[in-house]
Amino acid sequence: MLQEEMPSHAIESEGPSELLKGLTEPQRQAVLATEGPLLVLAGAGSGKTRVITRRIAYLIHQGIAPWSILAVTFTNKAAAEMRERVHGILGHDPQSTRGLTVTTFHSLCARLLRRYAEAAGLKPEFSIYDSSDQAALAKKIIAELQLSTSNWPPRSVLSAISSAKNELLDADEYAAQAVDFYSRTVAKIYAGYQRALKLAGAVDFDDLLVLTAKMLKSNEQVRAECNERWRYLLIDEYQDTNHAQFVIASLIAGRNEEGRPPNICVVGDPDQAIYGWRGADISNILEFEKSYPGTKVITLGENFRSTAPILKAADTLIRNNIKRKHKDLFTTRAGGERVEVTLARDENHEAALVVDWMKSVKDERENSPSPVAWREMAIFYRTNSLSRVIEDALRGAAIPYTIARGTAFYEREEVKNAIAYLRVVANPSDGVSLARIVNTPTRGIGSTTFGKIEDAAAQQGRATLEVMRDSSVLTQVAGRGAAAVGKFVQMIDDWTGGGTFMGAQVPTGLSDLVSRIIRESGLEAMYRAQAKASGSDADLERLDNLDELVSSARQFEMEFDAMADPAAASEDGLARPSDQTPPLLAMLRAYLESIALVADADAVDPAQGAVTLMTLHAAKGLEFKAVAIIGLEEGQLPHSRARESQDQLEEERRLCFVGITRAMRRLLMTSSRYRTMRGIPERTIPSRFLEELPKDAVLISDQADMLGGLDDFIERGEGGSQGPRYEAEGEFAARDSKRASLAWSGGSRTPRNAPFPVGATVRHPQFGEGEVINITGGANARATIRFRGVGTKTLVLEYARLTRVK
DNA sequence: TTGCGATCCCTTTTT
DNA sequence: GGGATCGCAA
């Protein structure tokens with residue numbers, strides 16, 4: 001849930017006095033200071049979101065055209081909620097916010113780049129590569145440069161490239177300042193990587209910012225159009241913007257034109273800067289006044305969210321940061337429960353304690369005027385890997401939960417495959433996606449054949465799919481595989497109408513296209529065969545996920561408003577007459593873009609009535625009545641990788657601060673004496689942040705000494721895979737046996753077309769007689785056979801000359 | 001050509 | 001504990 005609940009019906013489109021109702025004096029000033037540069041230093045829980053939404057509503061109320069307002073938020077979810085709330089404040093006339101742009105930096109850039117593709121040196125169908133696509137491409141480049149991927153791990157090279165991009169250094173500029181061997185090599189990879197992206201008609205996340213900044217800088221007309229359109233600029237979470245974002249914001253704001261300073265309002269809190277590792281530059285906010293002389297500065301310090309003890313804990317903790325501009329955090333409300341700090345024996349115990357705590361919080365409020373429901377509770381952790389144990393405990397206790405991992409669905413193998421098909425359809429140059437699907441499901445275009453085609457493409461500097469169409473190259477290179485390649489190309493052409501997206505055979509709707517591709521590509525059949533063979537729930541789920549993707553496309557189709565798509569729309573929100581893009585293609589591009597830019601926090605949906613699990617990073621900007629933060633141990637929070645420097649340590653402390661300040665009423669912080677890392681229980685040290693909390697606002701409870709020492713347990717050598725079980729023993733046991741029986745019945749099911757059943761005795765010319773213990777179906781059906789004296793082997797039925805004996 | 005299984009390595013946060 | 005990688009078998 002986003003900060004604060006404002007009863008939106010309280011304010012209809014009446015006079016400005018209604019819009020200012022209930023605001024404190026500093027909040028009021030922040031709403032009213034519409035002209036010129038404004039810096040709002042908003043402490044945690046100080047009503048920041050309320051100020052931003054009222055400010056936008058106020059601007060519109062003052063007669064400013066909605067389409068001349070641009071608000072930039074951190075996640076799509078925050079943008080959607082903000083739009084909705086502005087709408088709510090202004091009454092429900094859809095015209096009242098027509099053309100208002102509320103979006104994220106990355107979405108804004110993606111749309112500007114699509115709209116002004118030519119000026120940016122791109123094609124409007126460009127693909128947006130996520131980190132796994134990036135890694136695949138980088139790997140290829142590293143191999144091409146005859147470097148070893150063990151000396152040059154793609155991901156760390158990519159992070160160096162990413163840092164360079166955040167500083168707006170292109171490959172040449174990076175090379176020019178590279179002095180040592182490492183950075184010279186990275187420079188070479190960087191150059192190759194960019195060349196490959198260009199050839200694939202693709203950009204990575206950072207390029208969205210870099211190319212937009214470059215375009216705005218160099219293309220006067222584009223810049224002028226943006227300046228013309230957006231007269232009022234508002235940026236949230238400004239403390240987490242990087243240099244590229246700073247440049248984009250400055251260029252869109254325009255500088256001192258006609259002697260007037262730009263109307264740029266930035267809102268943020270230096271104490272909540274948690275993205276330094278990703279290139280966020282805290283000096284953007286600290287030096288905003290220098291960048292914009294005449295800036296009005298407003299500080300919001302009064303906290304309306306948390307109880308006094310929670311606020312005191314946060315304030316006392318953050319005072320330990322030395323590099324900090326102090327800002328008072330205060331509340332006028334008294335009372336409230338103390339912050340609970342609990343020490344657990346190990347992660348299972350910790351999870352059990354958290355579950356107990358949440359149950360008790362829920363019960364104690366059940367009969368009070370405002371009970372705490374599951375959806376008003378959250379559990380935060382520093383690293384994603386900590387979620388597993390908590391999930392198990394919640395499932396065991398039958399508490400509903402959701403994990404804020406917006407990208408999780410799109411990272412599933414089957415979904416990624418389907419999307420890769422869509423990307424190739426939208427952008428035939430997309431080599432990474434092509435490589436992913438060309439032989440998925442298998443269609444006889446193996447790595448040898450495809451490798452030769454790729455080499456030929458690289459040599460000729462052409463897109464791979466283009467080479468696959470070239471019969472003269474193909475026959476030389478592919479030989480036997482040529483027919484399979486031809487069939488593949490024909491399949492793509494059928495979907496796209498030969499690239500025109502016209503004709504009777506081409507589906508008219510996006511969801512029709514998606515479902516047709518899933519069917520005709522053979523993906524559906526492939527996963528159906530897998531599910532049939534294994535009988536496992538996981539494989540059946542893949543089919544459900546593909547259906548889910550079709551549904552999401554249908555959903556998008558219904559909500560997509562071609563008129564409002566900034567890629568096509570002009571200043572006043574009307575479609576550009578010159579745009580000749582077929583509607584299906586335009587929608588497909590927008591759909592793929594929306595998929596590429598989902599954030600983890602976008603998945604936070606309190607309507608589901610479930611406890612929300614997320615990383616501390618994803619928690620930014622949210623609030624919950626009850627919050628548990630787990631894993632307060634040295635090495636975890638602060639993280640071991642962040643202990644090298646004072647700056648990193650302070651960022652970890654801010655991260656902890658962000659977590660604490662999300663809590664409205666109740667806060668639990670846990671630390672575990674032992675934590676299992678890669679299967680080995682390790683002794684931990686409680687986080688220094690716990691010691692930094694004010695003693696009088698905290699209630700410490702050491703649960704780690706109960707039930708005898710864990711040290712004994714470890715020494716007895718029982719601390720292996722299972723670990724001790726606390727509570728909910730019955731549920732765990734019941735679940736395990738259910739899973740076991742499912743696996744058993746699924747595993748021994750005999751596929752319908754198998755020549756003999758599980759349990760049969762067969763003879764193999766080499767291995768002799770054996771018993772069939774499992775059969776998997778599908779295109780390459782295979783049997784697992786236990787041979788006497790030889791052992792268990794899995795053989796492909798088509799090749800293994802098996803005869804049935806019994 | 002294909003896919004499984006053993007083995008090795010790593011181990012933060014995300015648009 | 002999990003993911004990528006390489007070698008083996010047909």
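Numbered from 1 within each chain, the chains take letters A, B, ... in sequence-line order.
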(request) Identify which nucleotide among dT2(B), dT12(B), dT14(B) has an atom closest to any side-chain atom of R382(A), counting heavy atoms from C-beta outward. (result) dT12(B)
(request) May I ask you to evaluate whether N384(A) reaches the phosphate of dT14(B), defined as a side-chain N or O under 4.0 Å from OP1 or OP2? (result) yes
(request) Please tell me which of the listed nucleotides, dG1(C), dT14(B), dT15(B), lies nearest to the side chain of Y275(A)? (result) dT14(B)
(request) Would you tell me if any nitrogen or oxygen in the side chain of N439(A) comes within less than 4.0 Å of OP1 or OP2 on dT2(B)? (result) yes
(message) Counting neighbours of NZ on K139(A) that are heavy atoms of other residues, nucleotides or ligands and sit closer than 6.0 Å, is the number greater than 12?
(response) no
(request) Return the nearest nucleotide to the side chain of R641(A); candidates are dT15(B), dG1(C), dT11(B). (result) dT11(B)
(request) Just compare dT5(C), dT15(B), dG1(C) and give me whichever is closest to any side-chain atom of K139(A). (result) dT5(C)
(message) What is the separation between atom CZ on R675(A) and atom P on dG1(C), rounded to the nearest whole Å?
(response) 15 Å
(message) Rounded to whole Å, please give me the gap between CD in Q272(A) and P in dT14(B).
(response) 17 Å
(message) Quick check, does F105(A) stack with dT15(B)? I mean ring centres under 5.5 Å and planes off by under 30°.
(response) no
(message) Can you tell me if H106(A) is stacked onto the base of dT15(B), using a 5.5 Å centroid cut-off and an angle below 30°?
(response) no
(request) For D133(A) and dT15(B), give me the distance from atom CG to atom C1', rounded to whole Å. (result) 14 Å
(request) Using a strict cut-off of less than 4.0 Å between a Lys/Arg side-chain nitrogen and an Asp/Glu carboxylate oxygen, indicate whether K214(A) and D170(A) qualify as a salt bridge. (result) no
(message) Measuring only the C1' atom in each nucleotide, how far is dT13(B) from dA4(C)? A whole number of Å is fine.
(response) 22 Å
(message) Rounding to an integer number of angstrom, what distance separates dT5(C) and dT12(B) when you compare their C1' atoms?
(response) 24 Å
(message) Nearest whole Å is fine: how far is dT15(B) P from F74(A) CZ?
(response) 8 Å
(message) Of the listed nucleotides (dT15(B), dT12(B), dT13(B)), which one gets closest to any side-chain atom of H639(A)?
(response) dT12(B)
(request) Could you state the atom-to-atom distance from CG of D204(A) to P of dT15(B) in whole Å? (result) 15 Å
(request) Using a cut-off of strictly less than 4.0 Å, decide whether R278(A) has a side-chain nitrogen or oxygen near OP1 or OP2 of dT12(B). (result) no
(request) Take the protein atom CZ of R654(A) and the nucleotide atom P of dT13(B), then report the distance between them rounded to whole Å. (result) 18 Å
(request) Could you work out which one of dT5(C), dG3(B), dT14(B) sits closest to the side chain of T442(A)? (result) dG3(B)
(request) May I ask you to say whether K452(A) pairs ionically with D455(A), meaning some side-chain N is under 4.0 Å from a carboxylate O? (result) no
(message) Between E650(A) and K323(A) (salt bridge meaning N to carboxylate O under 4.0 Å), is one present in this structure?
(response) no
(message) Please classify the nucleic acid contact of T448(A) as base, sugar-phosphate, or nothing, using heavy-atom distances under 4.0 Å.
(response) sugar-phosphate
(request) Round to the nearest Å and state the distance from I403(A) atom CD1 to dT14(B) atom P. (result) 12 Å
(request) Check whether any side-chain N or O of S447(A) sits under 4.0 Å from OP1 or OP2 of dT1(B), and answer yes or no. (result) no
(message) Heavy-atom nearest nucleotide on DNA chain B for A599(A) versus R443(A): which residue maps closer to 5'?
(response) R443(A)
(message) Without decimals, in angstroms, what is the distance between E413(A) CD and dA4(C) P?
(response) 11 Å
(message) Need to verify one output field. Residue with the more 5' nearest nucleotide on DNA chain B, L597(A) or G444(A)?
(response) G444(A)
(request) Quick one: do I437(A) and F488(A) satisfy side-chain contact (heavy atoms from CB on, under 4.5 Å)? Show the steps, please. (result) CA-CA 10 Å; I437(A) 56 158; F488(A) 175 78; 4.1 Å; yes
(request) Between dA4(C), dT12(B), dT13(B), spot the one nearest the side chain of H617(A), thanks. (result) dT13(B)
(request) Flag the pair K416(A) and E413(A) as a salt bridge only when some basic side-chain nitrogen lies within less than 4.0 angstrom of an acidic carboxylate oxygen. (result) no
